[in-house]
Amino acid sequence: MPRPTAAQFFYGSATVVISALALLLLFRTESGIGVAVVGTVALALGLLVAMVLPTRTRPARPATAPPTAARTHRTIEDIEIAAARREHIGEHSLHR
């Protein structure tokens with residue numbers, strides 16, 4: 001079961017609060033049963049709004065290219081360049 005998004009929480013909660021206030025003002029109920037019915041209807045409306053709101057779907061990850069085959073041999077120039085880089089790793093840039 002997917003988790004609800006922040007928008008679903010917000011719109012559902014706002015619907016519950018606004019519809020509960022509107023129904024209480026509209027019907028002017030003062031009895032405990034009337035308030036319970038209004039609360040139940042408001043919760044049902046909030047749930048309906050949250051469920052109807054479209055969920056965010058995560059885009060499919062693009063297929064990555066398979067890793068290229070590792071070079072089986074290295075030229076002497078590659079080895080010399082790598083060795084020169086290793087020598088300069090700890091040095092300050094002004095000492096070159």
Side-chain angles (χ1 to χ4, degrees):
M1 181 174 172
R3 292 184 177 173
T5 62
Q8 286 175 315
F9 275 125
F10 176 75
Y11 285 118
S13 300
T15 302
V16 169
V17 171
I18 292 170
S19 62
L21 287 174
L23 289 172
L24 286 172
L25 291 173
L26 181 67
F27 293 118
R28 295 183 188 190
T29 184
E30 295 178 1
S31 67
I33 295 173
V35 172
V37 169
V38 166
T40 304
V41 170
L43 285 174
L45 283 173
L47 182 62
L48 178 69
V49 167
M51 296 303 288
V52 171
L53 194 68
T55 57
R56 177 183 59 203
T57 56
R58 293 183 180 162
R61 290 185 179 176
T64 57
T68 57
R71 290 172 47 179
T72 55
H73 66 283
R74 295 174 68 183
T75 62
I76 294 191
E77 294 158 349
D78 291 338
I79 295 171
E80 290 174 351
I81 291 171
R85 286 183 184 161
R86 271 186 251 126
E87 289 176 4
H88 296 293
I89 286 177
E91 294 181 4
H92 192 276
S93 62
L94 296 177
H95 292 165
R96 288 185 182 182

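Bear in mind that the values here come from a model prediction, so they are computed numbers and not experimental data.
- Take Ala82 and apply the side-chain contact (heavy atoms from CB on, under 4.5 Å) test, not counting sequence neighbours, and it matches Arg74, Arg86.
- For Ile76, the CD1 atom is loosely surrounded, since the number of other residues' heavy atoms within 6.0 Å does not exceed 12.
- The side-chain contact (heavy atoms from CB on, under 4.5 Å) check on Thr29 picks up Leu24, Ser31, Val35, Val38, with sequence neighbours excluded.
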Ignoring hydrogens and angles, write down the donor-acceptor pairs under 3.5 Å from the side chains of residues 14-21, residues two or more places apart or on other chains.
| residue | atom | partner | partner atom | Å |
| --- | --- | --- | --- | --- |
| Thr15 | OG1 | Tyr11 | O | 2.6 |
| Ser19 | OG | Thr15 | O | 2.5 |
| Ser19 | OG | Val16 | O | 3.3 |

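- Both Val37 and Phe27 belong to a common hydrophobic cluster when Ile, Leu, Val, Met, Phe, Trp and Tyr are linked at side-chain heavy-atom distances under 4.5 angstrom.
- Atom CD1 of Ile33 has 12 or fewer heavy atoms from other residues, nucleotides or ligands within 6.0 Å.
- Separating the CG atom in Leu48 from the CG atom in Leu53 is a distance of 11.0 Å, to the nearest 0.5 Å.
- Looking at every heavy atom in both residues, Arg3 comes nearest to Gln8 through O-OE1, 4.4 Å.
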